[in-house]
Asker: 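Pasting a structure here, questions to come.
The figures that follow rest on heavy atoms only: side chains count, while hydrogens, waters and symmetry mates do not. Chain A is the first sequence line, chain B the second, and so forth, proteins listed ahead of strands; every chain is numbered from 1.
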Amino acid sequence: MKKFLAWISSMKLAIGLIAYLAIASGLATLVPQGLTDDAYRGMYPRLLAELVVQARFGAFFTSILFIIPAFAFFANLSACTVKRLARELGKKKGRRHGPDVLHVGLVLLVLGGVWSFSGHKQGSVILAPGEGANLPDGSTLKLVDFRYDRYPDGRPKDWVSVVTIEKDGKALIEERQLRVNEPLRHAGLTFYQSTYQEAPALALVDASGHEMTLAQGEERFVGDTAYYFMAPESGAGGATAGSAAMGSAAMGSAPAAESGKAVVRVGSGAEAKTVRVGPGEQVGELRVVGLKPMFASGIEAVSDPGYPLVFAALLLIALGTAITFFQKIREGV
Amino acid sequence: MSANIILANAAFAVFLASAGVQMFFLFKRPAKPDAIGPSALLAASAALIAALALRSFEIGFVALTSTYESLAFYAAAIGAIAFAYRFQKRLPYKPQAVFGATMVAIVLLAVASSPLIPKDALPPIPALRSAWLLLHVSFSFIGEAFFVAGFVTSVAFLAAKSDDKRLELDRLTYTAIAVGYPFFTAGALVFGAIWAEQAWGRWWSWDPKETWGLVTWLVYTAYLHLRLVRKRKDVLPAWISVIGFLCTVFTFFGVNYLLPGLHSYG
């Protein structure tokens, strides 16, 4: 037992495992992760492809090639941490606790990371302004507005969702802006602005000048007459459907012009008529303004039970490195 | 040509002039070490920081979002560290170390000024609009600038013949890495993970840039444990320091151009 404890807390083992994890992780980045076996067979020569497939190198960070050495490293790190801490506490003076804080932070980071990974739940929803999604605690996340701002050169500047969270008709969170890098945390969930969708909508105006917008597939009554926007006419250049993820450098398309024809069903039942109308034309009692791009916001909800532990561990790592740094500076490195 | 590019080009010219002056002193070997070359490095670094400040005003955000801006900041950090090393009193002064660091900064600025690197001052896309960007990028590059110093002194160590010289160079390498490591740990790993959670909802994604950042950190962790705990002062820590620097180079250039991932912002 003594021999095993000496071995598990040895520096030689630590260096060996660090070297293995560094080399293997580096090599794993050269193999695209998460592809099918057939994809690797099509990508590499036979022998190399079989090596990647059989060794599960295509899913390296969840394979035993990574998990077992990582677990061994965790055991080594934990043993070293305890050993070092005990040694420092035994000293009468000249204690250096910076590395201890750093090591404890790393141990907690591994534990928090495993907890976070195993308990991580996420789901996403696409909401148009006015729509809502039910949350597990019985409240409703409602999208009040979505804005897509661009720089003059067309690159995306900001995606902003204005949301509220309501329960039983009472606002738990009043209108809050949700942006990339500015998530909203509520009841154990974190909401992220993750994507958007752009779809054509039809703008109509009544005799009094009041404008209304119909999303594709939306029906609305004006008086007794139903107006149903079926689709933009094939080839209509006014608005184009599109979407983009926001984690990367999504460029998006330029804002669409209000042109092109729309296919609209007017009236209901046997009296319904399907017509093709363009800007300035009359449809029932309404006049067509044109097609407009309408944005829907993609919001991702994440539940991460390991959040407090991982956050605390990262703070300890930063604190441990800072204490070590200032101790070393004081001692002249 | 905009003012910030003119200023950055002037800084590049001063780096080159500094290298010339340092080379002259290296060959002449005067009794008193060269003060002009290292002082010029401080002026050049200040000019680079001023150029980045001008760009920041222009784009309305901290100018650390493009490859060009990162390279300029990296070179400025190396220049400032080389200057500080020249005028400190605690460590033995090796003019070759300052010269080596100057050459690395010159290479970085040469890459930055090449036509391959876009120089347009563009405001950032939403994914990069975060206060964490400043901490993540600046701390990582300050750490890596110290690793450059460690690399230069390690190469000198490997080339040195006398044991006394090797001991001095080993001390310099260890000091550079011991100072750079906390900056790199905080910038690349801690601030990077916190920002990733805020932006993507995940602390870690095993994205190639993250993985190579971790590989770099592991290599320098191995160096510190060998040097500090095992008290190794032979060629092994020096080689690990060289490998660590090569990892930083691959993390910056190799991953950007060869391995697409979440950090592919162009």
Asker: Which region of B:Ile243, side chain (C-beta onward) or backbone (N, CA, C, O), has a non-hydrogen atom less than 4.5 Å from a non-hydrogen atom of chain A, or is it both or neither?
Answerer: neither
Asker: A:Pro156 and B:Pro126: which non-hydrogen atoms are nearest, and at how many Å?
Answerer: O-CD, 3.3 Å
Asker: Tell me, with the steps shown, if A:Phe66 and B:Trp206 meet ring-ring contact (aromatic ring centres under 6.0 Å, His included).
Answerer: CA-CA 12 Å; A:Phe66 177 76; B:Trp206 294 110; 5.2 Å; yes
Asker: Does B:Lys94 NZ have over 12 foreign heavy atoms under 6.0 Å away?
Answerer: yes
Asker: Rounded to the nearest 0.5 Å, what's the gap from CD1 on B:Ile125 to OH on A:Tyr151? Could you check?
Answerer: 9.0 Å
Asker: Under a 4.5 Å heavy-atom cut-off, does chain A meet the side chain of B:Leu226, its backbone, both or neither?
Answerer: both
Asker: State, to 0.1 Å, how close A:His120 and B:Gly201 come at their nearest heavy-atom pair, and which atoms those are.
Answerer: CE1-O, 3.2 Å
Asker: Considering only heavy atoms, give the residues of residues 24-32 of chain A separated from chain B by less than 4.5 Å, sorted numerically, with 'none' for an empty result.
Answerer: A:Ser25, A:Gly26, A:Thr29, A:Leu30
Asker: Which bit of B:Ala222 comes within less than 4.5 Å of chain A, counting heavy atoms only: side chain, backbone, both or neither?
Answerer: both
Asker: Between A:Arg185, A:Gln33, A:Gln122, A:Glu182, who has the most heavy-atom pairs with chain B when the cutoff is under 4.5 Å?
Answerer: A:Arg185
Asker: In terms of ring plane angle, is the pair B:Phe183 and A:Phe325 parallel, tilted or perpendicular, where the classes change at 30° and 60°?
Answerer: perpendicular
Asker: Answer with yes or no after comparing the ring centroid distance for B:Trp203 and A:Phe117 against a 6.0 Å cut-off, counting only values under it.
Answerer: no
Asker: Under the side-chain contact (heavy atoms from CB on, under 4.5 Å) rule, what do B:Leu122 and A:Asp153 come out as? Steps first, then yes or no, please.
Answerer: CA-CA 10 Å; B:Leu122 295 172; A:Asp153 62 2; 4.0 Å; yes
Asker: Measure the spacing between CG of A:Leu21 and OG1 of B:Thr211 and express it to the nearest 0.5 Å.
Answerer: 12.0 Å
Asker: Give, as side chain, backbone, both or neither, the part of B:Val190 having an atom under 4.5 angstrom from any heavy atom of chain A.
Answerer: both
Asker: Between A:Leu315, A:Val310, A:Asp149, which residue shows the highest count of heavy-atom pairs closer than 4.5 Å to chain B?
Answerer: A:Val310
Asker: Who in residues 73-80 of chain A is close to chain B, using a strict under-4.5 Å heavy-atom cut-off?
Answerer: none
Asker: What part of B:Thr185 gets within 4.5 angstrom of chain A, counting heavy atoms only: side chain, backbone, both, or neither?
Answerer: side chain
Asker: Counting only heavy atoms not in B:Lys119, do more than 12 sit closer than 6.0 Å to its NZ atom?
Answerer: yes
Asker: Run the side-chain contact (heavy atoms from CB on, under 4.5 Å) check on A:Arg179 and B:Arg129 step by step: do they pass?
Answerer: CA-CA 10 Å; A:Arg179 287 185 159 89; B:Arg129 282 191 166 272; over 6 Å; no
Asker: Quick check: are there more than 12 heavy atoms from other residues, nucleotides or ligands sitting under 6.0 Å from NZ of A:Lys91?
Answerer: yes
Asker: For residues B:Ala193 and A:Leu314, report the shortest heavy-atom separation together with the two atoms involved.
Answerer: CB-CD1, 3.8 Å
Asker: Is there a donor-acceptor pair under 3.5 Å between the side chain of A:Tyr307 and the backbone N or O of B:Glu197?
Answerer: no
Asker: Counting heavy-atom pairs under 4.5 Å with chain A, which one of B:Phe191, B:Phe250, B:Trp195, B:Tyr181 comes out on top?
Answerer: B:Trp195
Asker: Count the heavy atoms of every other residue, nucleotide or ligand shown that sit under 6.0 Å from CZ of A:Phe71, and state whether that count exceeds 12.
Answerer: no
Asker: Answer yes or no: does atom CZ of A:Arg95 have more than 12 heavy-atom neighbours from other residues, nucleotides or ligands under 6.0 Å?
Answerer: yes
Asker: Is B:Trp217 in contact with chain A via its backbone, its side chain, both, or neither, using a 4.5 Å heavy-atom distance?
Answerer: side chain
Asker: Kindly compute the distance separating OH (B:Tyr223) from CD1 (A:Ile18), expressed to the nearest 0.5 Å.
Answerer: 14.5 Å
Asker: Output yes when a side-chain donor or acceptor of A:Asn181 lies under 3.5 Å from a complementary backbone atom of B:Ala127, and no otherwise.
Answerer: yes
